[in-house]
Engineer: 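Dropping a structure here in structure tokens format, bear with me for questions.
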Amino acid sequence: MVRADGAGALMIPLDEHRDRILAAAAPLTPREHALDDARDLVLASPVSTRWPVPLFDNSAMDGYAVRAADAVEGAVLRIVGDVPAGSAEDPRFGDGEAVRIMTGAAVPTDADAIVPVEHTDLGVFTGAVPPERITITRAPAPAAHIRRRGDDAAAGTVVVDAGALLGPWQLASIASAGHDSVIAHPAPRAAVISTGSELVTPGSEPQRGQIPESNSRLLAAALRDAGAVVVRVGSVPDDEAALRAELEAVDADLVVLSGGASVGAFDVVKAVLDVAGSGRGPVRFDAVAMQPGKPQGFGVADDGTLLFCLPGNPVSVAVSFEMFVRPAVRALAGRADRYRPHVTLAAGTSWRCPPGRVQVLPVVIEDGVVVPASAGGSGSHLVASLAHATDLAIVPADTERVETGDLVDVMLVATEREIP
Ligand code: AMP
Ligand code: MG
């Protein structure tokens with residue numbers, strides 16, 4: 001579908017641009033990763049237990065390994081052995097005898113129940129050396145407090161499936177299954193390139209016409225949050241040779257450029273990368289029916305690198321990242337959760353919306369209703385106000401105005417927060 005904007009330019013819908021990107025963002029080829037480096041990766045081959053879990057019958061309590069038939073209430077048992085956790089010993093014992101045992105230690109062959117130390121006359125352990133004898137104060141049920149071999153999983157059981165995201169619990173399960181490496185999709189390697197002759201480092205004194213460079217900070221941090229590894233961050237002036245050199249130096253799965261993607265006379269990204277330009281680059285530039293973030297470029301370089309060409313305005317960068325780059329990073333990483341969660345909330349005030357374009361508005365949620373983060377409206381240059389925003393309201397293209405109380409679709413960007 002193609003729409004005409006106010007100026008008569010052809011626009012493509014937001015979804016069409018995103019679909020084009022996601023069609024090119026296949027999960028990266030799986031490879032082996034040390035388990036210690038696998039946090040937050042997506043497993044590509046299922047992991048099975050190398051042995052039964054637990055590996056051997058072991059005690060669930062600190063106490064005494066007994067023959068249940070012997071260990072009636074009031075029975076006095078002679079202690080003939082001691083099995084701390086990690087011990088390879090299997091002390092044999094007979095009638096009227098028992099062995100001291102600690103949690104996790106292998107249950108002796110002659111035992112069929114564990115009596116916790118609390119169920120003996122002494123009540124506690126008094127030292128490193130076991131007592132000579134104990135009196136049972138509460139008889140154990142048969143097989144009491146023995147964790148059986150294979151109770152949790154038989155040998156060869158799949159404990160973590162392909163497609164699983166490796167968090168702390170999955171890593172523990174894989175380690176217990178006997179593996180110190182996994183086959184997983186690697187984290188996407190990302191590079192960031194800011195373009196603009198007006199950009200200076202944030203700590204310096206800008207001369208007339210210069211501004212602090214902020215997009216690369218936003219993008220590098222957002223890429224890391226999305227699960228990418230940022231391998232290079234560069235800033236180049238509006239100079240084709242400088243941009244070409246920076247692109248040459250990049251070795252990454254995706255490159256996120258900002259600025260120079262519109263219709264300016266010095267729009268360097270377009271000059272170097274546009275398929276339609278004299279340079280015959282790999283990037284197709286489109287007007288996307290959204291606000292902010294209308295000028296967008298996307299393409300795939302010869303070596304497979306995904307090239308995102310975002311407009312330069314900082315709010316446009318923030319919005320474009322959430323709409324297009326983040327889902328692609330997740331797709332490259334093999335993650336099923338490509339999208340942020342959404343909620344529907346009432347508007348706490350009214351605001352105007354751009355005709356014919358999806359409005360993606362930085363907002364805050366206050367007392368359960370949603371309001372724009374900036375009093376100044378939805379200007380794409382409002383970078384200082386961006387700091388107050390927590391989420392993005394997404395208003396359909398055919399909405400001209402949001403009235404107080406209207407229900408609004410909100411993409412939750414700020415994490416771990418309850419909506420009152
Ligand atoms: P452009 O898309 O290059 O026309 O830039 C649009 C606006 O965004 C201009 O006001 C630029 O100065 C500003 N801008 C572009 N790149 C950056 C950046 N990296 N940091 C901060 N502002 C930028
Ligand atoms: Mg520029």
Side-chain angles (χ1 to χ4, degrees), residues 5 7 9 11 17 190-224 230 232-247 249-250 254-274 276-277 279 281 283-299 307-325 354 357 360 362 373-374 376-389:
D5 71 3
M11 292 193 287
H17 188 61
V192 174
I193 305 177
S194 294
T195 69
S197 296
E198 72 280 27
L199 307 173
V200 296
T201 54
S204 59
E205 288 302 321
Q207 305 297 304
R208 180 179 166 80
Q210 295 183 328
I211 59 164
E213 197 284 307
S214 62
N215 289 345
S216 73
R217 277 74 194 184
L218 186 158
L219 287 169
L223 282 161
R224 289 190 187 103
V230 177
R232 190 177 168 95
V233 178
S235 182
V236 297
D238 293 311
D239 175 85
E240 291 186 27
L243 177 57
R244 283 185 205 284
E246 183 62 23
L247 285 165
V250 164
L254 70 155
V255 183
V256 187
L257 300 101
S258 68
S262 190
V263 292
F266 306 98
D267 277 347
V268 65
V269 173
K270 216 169 182 184
V272 170
L273 292 173
D274 193 354
V283 174
R284 195 181 99 194
F285 285 83
D286 287 297
V288 177
M290 62 189 279
Q291 199 255 348
K294 187 170 73 161
Q296 295 284 343
F298 174 75
L307 299 169
F308 293 86
C309 302
L310 312 184
N313 272 308
V315 181
S316 307
V317 169
V319 165
S320 305
F321 181 86
E322 289 299 330
M323 296 297 127
F324 307 123
V325 184
R357 294 156 73 184
V360 189
S374 164
S378 63
S380 58
H381 61 292
L382 299 169
V383 63
S385 308
L386 193 57
H388 306 302

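Keep in mind that what you see is a predicted model, and the values were worked out from it rather than measured. Quick note: residue numbers are just sequence positions, from 1. Each ligand, and each atom within it, is numbered from 1 in the order the structure gives.
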Engineer: Does the side-chain contact (heavy atoms from CB on, under 4.5 Å) test come out yes or no for Val269 and Ile193, once each step is laid out?
Structural biologist: CA-CA 10 Å; Val269 173; Ile193 305 177; over 6 Å; no

Engineer: How close do Glu240 and Ala271 get, counting heavy atoms only, and between which atoms?
Structural biologist: OE2-CB, 3.4 Å

Engineer: What distance do Leu310 atom CG and Leu219 atom CG have between them, rounded to the nearest 0.5 Å?
Structural biologist: 6.5 Å

Engineer: State whether a side-chain donor-acceptor pair under 3.5 Å links Glu213 with Ser194.
Structural biologist: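 Short answer, yes.
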
Engineer: Parallel, tilted or perpendicular, judged at 30° and 60°: which one describes the rings of Phe308 and Phe298?
Structural biologist: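 Judged by the thresholds at 30° and 60°, the geometry between Phe308 and Phe298 is tilted.
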
Engineer: Pick out the protein N or O atoms lying less than 3.5 Å from any N or O of ligand 1, and list each pair with its distance.
Structural biologist:
from: ligand 1; atom 1: 2 (O); to: Gly312; atom 2: N; distance (Å): 2.9
from: ligand 1; atom 1: 3 (O); to: Gly260; atom 2: N; distance (Å): 2.8
from: ligand 1; atom 1: 8 (O); to: Gly312; atom 2: O; distance (Å): 3.3
from: ligand 1; atom 1: 8 (O); to: Asn313; atom 2: N; distance (Å): 3.2
from: ligand 1; atom 1: 12 (O); to: Glu198; atom 2: OE2; distance (Å): 2.5
from: ligand 1; atom 1: 14 (N); to: Gly312; atom 2: O; distance (Å): 3.3
from: ligand 1; atom 1: 16 (N); to: Asn215; atom 2: ND2; distance (Å): 3.3
from: ligand 1; atom 1: 19 (N); to: Glu213; atom 2: OE2; distance (Å): 2.8
from: ligand 1; atom 1: 19 (N); to: Asn215; atom 2: ND2; distance (Å): 3.3
from: ligand 1; atom 1: 20 (N); to: Ser214; atom 2: N; distance (Å): 3.0
from: ligand 1; atom 1: 20 (N); to: Asn215; atom 2: N; distance (Å): 3.3

Engineer: To the nearest 0.5 angstrom, please state how far the CD atom of Gln296 sits from the NZ atom of Lys294.
Structural biologist: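 Here the interatomic distance stands at 11.5 Å.
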
